[in-house]
Structure formats: C-alpha cells, structure tokens
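Naming convention: chains lettered A, B, ... in sequence-line order (proteins, then strands); numbering from 1 in each chain.
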Amino acid sequence: VFAWSEIISAHANYGLNCLAFGLFGQMVQAPVQPDTHAYVAILKTCASAETFVNGLIIHFHIMGSVHEADLFVGNALINMYVKCGALKDACIVFDKLARRDVVSWSTMITGYTQQMCCQEAMVLFEAMQREGVEPNNVAWNAIISGYAQSGDCEEALCFYNRMLLSGREPDNFTFVSVLNACSNVAVIDQGRLIHADITEAGYGSDVYIRSAMIDMYAKGGSLEDVHNVFTGDKIQNAVTWTAMMAAHALQSDYTKVMHYFKGMQQEGWSPNNVTFVCLLSACGHMGLVEDALEHFSSMRKVYGIDPTQEHYNCLLDLLGRAGFFHEINEIFESMPEGLN
RNA sequence: GAUAUUAAGCCUCUA
C-alpha cells in the first residue's frame, strides 16, 4: 500500500493525472486496498472539470468504506467537487463531516467565491469562527481574494484590516489579493497605502508582488508609479517584463509593448503564454500581420508553448481585420480539437 | 508521506 500510494502521489505531483489514475486502477486490481493517503493523492488528480468523472468513480469507491469518515479524505473530496464546479456536492460532503478543520472551511469558502458568491463565503467565514475554528492565513486570504476577484475593494480591505487586527501577518498571497482589489482609478489611493504596508513588511522586492503593483498602477492610470516599481528593483523575471508589456498595452502604447518585449529577450528571459497574448494583441493593434504570424509559429517551435484559445482569438481577430481570409482558414483548420 | 488561499493576458458588444 505504501509503495502504491507513493508512486501515485509522485505522478499526481508532476501533474501526470492520467497515469496516476491508471496506476490507481492497477492498484485496485492487484488487489491492494487503498489507504487514506492513496485516496487523498488520487483525488488531487481529479480536481478539475475535465477529470470530474474520475472523481465520481473514486468517491463511489470511498462511499461506505471506513475512509469516508476520515477528515483528510473528506477535505480532498470537498476540494475535488469545488474545483469541478460542483458546489452542491461539496456541501453534501461538508455537511456530513463529523469533524471540520480550517482546511474544510477554507475549501468551502473558496468554492463559494469561485461561484461569485462572496456573501455566502462571508457567512461561512463567520460560522467557522462561531464553531471555534480560528482562521489561519489561508482562510483570510481565501475571503480577501474572493472579494478582490469580484472587484469589491471595500470588503477586501475590510477583511485585510480585520486580519491585521487579529494579529496575523499578511503574506504574499494576501498582498497580491489586496493589490488586485485596488486595481482601478477610484481606489488607487488605497492601493498606495497597501504599497506602503508591503514595503514596511519587507515584501517590496518580491517579483510577483511587484508585477501585481505594476498592474495596479497601470489600471489606476499612474504610469509614473509603474516605472518606479519596475526600475525600483534590478531583479526582473518574465512576469515583471510581461506586466510592463500589459501596462503599456492598457495605455494603447504598442510601440512600448514591443520595446519591453525586446528588452525581455535581451535580458535572456523566455516569453511565456501570457507574453504571447500581449504580443499578438499589440501586433493586431499595429497591423503587423506578418510579425504576428512569425511570433505565433515561434511559440511552439522556439519556446515549446502550445497556443491556447486566447492566442488563436488574437491571431484570428487580427487576420480578419487585415482581410487575410486565406490565412484565417488555414489557422482555423489547424486549431486543435476542444477549442471553441 | 497528506487536503485548502494569490499572481501578469485576447476579441466583441454595452459606450
């Protein structure tokens, strides 16, 4: 059992979901009775909409067994249902749990915020405390990022302040969420206060926080602050460079978008899939059809990135605007199955 | 040996 569980969770951690599921099947047929660790590992690989059926199969395996009462298995089941968008099923598992820890609660809170139900998430957050479970950073971050994603700056900041008052130290998850919440002109001054908190807390040179700040100032209309954040630290990566491309695309300054794309490559950073969305979009706005086609083909050939729906959208849009109907058909025919 | 929270991104229309 130990060996099977170990090899299954190794595959799960590398994202080899299909292989992990196959191994789980072999384990059952061996026959070896899976333990709680094996169930947790395999449920993790079923936590996405495409693998929902697998998740259901595993749940049927668990039903009626001793593992049904296990807290870790229960939490993994809740997570599986939440990530598959089956909130009702997550609720059923949650309600049946004999014991609920902070993980059970925060998984459910995430489930509600992902369905754009922040009000219900907040109710759960309060109920958790009434049941004597103290929120940890993950629980605070879950509710804050929920409000941030729904654009509710006021509530996000309210929970951020409550978190501080409760004596918890915000981490980089917290800061990125609060920065997201402050990413529009109306609340950019609040964003500046968060920026000060970040500096004081010693997170000012974290590349991910800096890219969130670049994004915030761009959306808040302050290009000066965008540049200050970018140049304020010498350490960059593909994400900060791409954030600069996106920031200038927001101002419709596509020449600058290209400038940062070149800078990124000169500094030896490989563009990622988001970089290519910015780049193709900029080519579209500048009418650079040939360049766009070249960049598009370099994605897979040079960088090994499979184009996604967004990349095809950009490319087809710019080809359409330029009247390249022959190329549109060619690209359209070459699109992989499953894209809409 | 374990399960939960965060990053930057397209087009169209509403304008």
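In the region residues 142-164 of chain A, proximity to RNA chain B at under 4.0 angstrom, judged on heavy atoms, holds for A/Ala142, A/Ser145, A/Gln149. Contact check of residues 327-334 of chain A against RNA chain B (heavy atom, cut-off under 4.0 Å) returns no residues at all. Proximity of residues 112-135 of chain A to RNA chain B (heavy atom under 4.0 angstrom from any strand atom) is not detected for any residue. For the contact set between residues 104-111 of chain A and RNA chain B, defined by any heavy atom under 4.0 Å, the members are A/Ser106, A/Thr107, A/Thr110.
Under the ring-ring contact (aromatic ring centres under 6.0 Å, His included) criterion, the residue pairs touching residues 121-146 of chain A are A/Phe125-A/Trp140, A/Phe125-A/Phe159, with sequence neighbours excluded.
A donor-acceptor pair under 3.5 Å is formed between the side chain of A/Gln236 and the backbone N or O of A/Asp233. Looking at A/Arg210, its side chain does come within 3.5 Å of a backbone N or O of A/Phe230 through a donor-acceptor pair. With hydrogens and angles ignored, the 3.5 Å screen pairs a side-chain donor or acceptor of A/Asn137 with a backbone N or O of A/Glu169. Using modelled atom types, no side-chain atom of A/His61 and backbone atom of A/Ile57 make a donor-acceptor pair closer than 3.5 Å. Distance alone, capped at 3.5 Å, places no donor-acceptor pair between the A/His227 side chain and the A/Glu224 backbone.
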Give every pair of a protein N or O atom and an N or O atom of nucleotides 8-11 of chain B that lie under 3.5 Å apart, one pair per line with the distance.
unit_1 : atom_1 : unit_2   : atom_2 : d
B/A8   : OP1    : A/Asn180 : OD1    : 3.1
B/A8   : O3'    : A/Asp215 : OD1    : 3.3
B/A8   : N1     : A/Asn272 : ND2    : 2.8
B/G9   : OP1    : A/Asp215 : OD1    : 3.3
B/G9   : OP1    : A/Lys219 : NZ     : 3.2
B/C10  : O2     : A/Asn313 : ND2    : 3.4
B/C11  : OP1    : A/His285 : NE2    : 3.0
B/C11  : O3'    : A/Arg321 : NH2    : 2.8
B/C11  : O2'    : A/Asp317 : OD1    : 3.0

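Look at CZ on A/Phe72: it is 8 Å from P on B/U3, rounded to the nearest Å. The CZ-P distance, from A/Phe173 to B/U6, rounds to 7 Å in whole Å. If you take CG of A/Asp101 and P of B/A2, they are 14 Å apart, rounded to a whole angstrom. With rounding to whole Å, A/Arg99 atom CZ is found 17 Å from B/A4 atom P. What separates CE of A/Met80 from P of B/A4 is a distance of 13 Å, to the nearest Å. Protein atom CD1 of A/Ile8 is 16 Å distant from nucleotide atom C1' of B/U3, rounded to whole Å.
Taking a centre distance below 5.5 Å and an interplanar angle below 30 degrees as the stacking criterion, A/Phe2 does not stack against the six-membered base ring of B/G1.
Taking the six-membered ring for Trp, A/His195 and A/Tyr217 have ring centres closer than 6.0 Å.
Of all nucleotides listed (B/A2, B/U5, B/G1), B/A2 comes nearest to the side chain of A/Thr36. Closest to the side chain of A/Glu6, from the set B/A4, B/U3, B/G1, is B/G1.
Residues A/Thr174 and A/Ser177 bring no donor and acceptor atom of their side chains to less than 3.5 Å of each other. Side chains of A/Asn313 and A/Gln309: a donor-acceptor N/O pair is present below 3.5 angstrom, by distance only.
Note: A/Tyr312 and A/Phe296 have perpendicular aromatic rings, judged against thresholds of 30 and 60 degrees for the angle between ring planes.
At a threshold of 4.0 angstrom between heavy atoms, the contacts of A/Ser9 with the nucleic acid are absent.
Qualifying side-chain contact (heavy atoms from CB on, under 4.5 Å) partners for A/Ala121, counting only residues two or more places apart in sequence or in other chains: A/Ile109, A/Tyr112, A/Thr113, A/Ile143. In this structure A/Asn17 satisfies the side-chain contact (heavy atoms from CB on, under 4.5 Å) test together with A/Thr45, sequence neighbours excluded. A/Asp101 is linked by a side-chain hydrogen bond (donor to acceptor under 3.5 Å, both in side chains) to A/Asn75, A/Ser104, counting only residues two or more places apart in sequence or in another chain. The side-chain contact (heavy atoms from CB on, under 4.5 Å) search around A/Asn237 returns A/Val207, A/Tyr208, A/Val239, A/Thr240, A/Trp269, not counting sequence neighbours. Partners of A/His67 under the ring-ring contact (aromatic ring centres under 6.0 Å, His included) rule, at least two apart in sequence or in another chain, are A/Tyr39.
Counting distance only, with no hydrogens placed and no angle test, the side-chain atoms of A/Asn136 and the base atoms of B/A4 include a donor-acceptor pair under 3.5 Å.
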List, one per line, each side-chain donor-acceptor pair under 3.5 Å for residues 79-87 of chain A, sequence neighbours excluded.
unit_1  : atom_1 : unit_2  : atom_2 : d
A/Asn79 : OD1    : A/Lys83 : NZ     : 2.9
A/Tyr81 : OH     : A/His59 : ND1    : 2.6

